[in-house]
Amino acid sequence: MRRYRALLVAVLATALIGTTGGCTSSKAEPAAAEKQADKVTYLTAFGAVGRDAFAWVAQEKGYFKEAGLDVTIQLGAATGENLKGLAAGQAQFANLDLIGAWILAGKGDYKDFRTIAAIHQQSLVSIVTLEGSGITSPKDLEGKKVGAATGSVNQLLFPAYAKLAGIDASKVQWVNAQPPQLPALLAGGQVQALSTFLIGSKGIEKAAGGKKAVILPYSKYLGDLYGNGIITTAKIAKENPDLARRFRDASLKAVKYSIEHPDEAAQILKKAQPAADITAAVGEITLMTPYVSSGAAIGAMDQERVARAIATLQAGGLIPAGLTPDAVVDFGLTPKA
């Protein structure tokens, strides 16, 4: 009997040790298996302005973190420069003017990128002038000086716009300058109009001492063209679509929040980028809102419409034939229209 009791005690002790050890192991497993956030770099479309505020909103509100992302936001320069950054592996995602990117792709300059969402459902490229300039219709641009950023999509698209709007493009004189210099050129009378993004009109009015801006959108004649959008590399789109979807969804959630709360979005931008102008940022977000939520789901893209946009670029002589929608957009990643 004593031997039986001793044996029973030994068995129970062994079982207790095993159970305790098992519990310790199970508690440690989740911590060891906890997934680390994916580190990615994102390039804004152009500096730190209202149209790009959503990236900092996504960071401030924790949308990127919720998506398992650790995002470094860097200030982008222009369409070509952002494409270079992606091609060189300096970033994994970027915001840029889609039509400018597709023009470069059509010319064979950059091919290894894919669009995964449209921020603006229509192009924001416009003619912006001031009241009293004598320009109230596209035809009035003939014989006038028009300012534009050097090598910008605004100037590249003008021949297609001019053809449809009834303008003799040969009668328009172009003055090129860096984007920050354009409002001063118009305010100082060195040009009578600018070919720029309409969301910059509040900053233009401020530079002109409060004179009201007159806006002639390209989209009135070029309705199939998209505005800014989010792109990634062709490699990520193909090999890591989950990463692309998570970045897309977090970004679009922030876009929605920004247009619903423009003042807060501008404050968040200012907090992250002290040099940002809150008034101009609120103006940009407000002006772009109708282009973000124009009936389609935020970020949505339509394959037939992309095909028509490419056909417009080809008809305008901006790119040769051959570019297909699938070469610049991953429709498996874009939200449905």
Side-chain angles (χ1 to χ4, degrees), residues 40-43 45-46 76-125 151-157 159-161 218-219 222-249 251-252 296-337:
V40 298
T41 297
Y42 165 78
L43 299 174
F46 190 83
T79 298
E81 293 303 311
N82 281 2
L83 287 173
K84 284 181 184 177
L86 256 69
Q90 297 167 356
Q92 290 71 49
F93 298 93
N95 182 9
L96 45 67
D97 182 85
L98 294 179
I99 299 306
W102 298 353
I103 289 173
L104 292 172
K107 291 180 176 179
D109 294 336
Y110 298 96
K111 294 182 178 180
D112 295 327
F113 72 89
R114 294 292 182 272
T115 309
I116 61 173
I119 301 299
H120 307 131
Q121 289 297 315
Q122 287 187 311
S123 174
L124 301 183
V125 176
S152 68
V153 67
N154 309 291
Q155 190 172 348
L156 289 173
L157 281 176
Y161 168 72
Y218 280 29
S219 59
L222 300 169
D224 286 323
L225 303 188
Y226 289 92
N228 278 18
I230 299 173
I231 67 167
T232 188
T233 64
K235 182 180 175 67
I236 289 176
K238 181 180 180 180
E239 298 180 5
N240 199 348
D242 175 66
L243 176 66
R245 288 190 187 95
R246 284 185 284 129
F247 185 87
R248 175 203 68 192
D249 290 346
S251 297
L252 295 182
I298 292 179
M301 301 192 75
D302 177 77
Q303 189 162 3
E304 290 184 4
R305 187 178 158 198
V306 173
R308 292 197 301 271
I310 291 173
T312 298
L313 301 180
Q314 292 170 346
L318 297 175
I319 59 173
L323 185 67
T324 63
D326 287 327
V328 289
V329 180
D330 189 319
F331 293 99
L333 291 175
T334 57
K336 304 307 176 190

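For clarity, every value in this text was computed on a predicted model and none was experimentally measured.
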Are any non-hydrogen side-chain atoms of [X] and [Y] less than 4.5 angstrom apart?
X: Phe46; Y: Asp97; value: no
X: Tyr42; Y: Asn95; value: yes
X: Ile99; Y: Leu313; value: yes
X: Ser219; Y: Leu225; value: no
X: Ile119; Y: Tyr226; value: no
X: Leu98; Y: Met301; value: yes
X: Phe93; Y: Arg248; value: no

Results of salt bridge (Lys or Arg N to Asp or Glu O under 4.0 Å) for [X] - residues two or more places apart only:
X: Arg246; answer: Asp38, Asp242
X: Lys84; answer: Glu81
X: Lys235; answer: Glu239

- Message: According to salt bridge (Lys or Arg N to Asp or Glu O under 4.0 Å), does anything in residues 327-337 pair up with another residue at least two apart or in another chain? List the pairs.
- Response: none
- Query: Where do Tyr110 and Gly80 come nearest, in terms of heavy atoms and distance?
  - Reply: OH-O, 3.9 Å
- In chain order, what residues pass the side chain to side chain donor-acceptor pair (under 3.5 Å) check against Arg245, with sequence neighbours excluded? none
- Pairs satisfying side-chain hydrogen bond (donor to acceptor under 3.5 Å, both in side chains), at least one member in residues 306-317, at least two apart: Asp224-Arg308
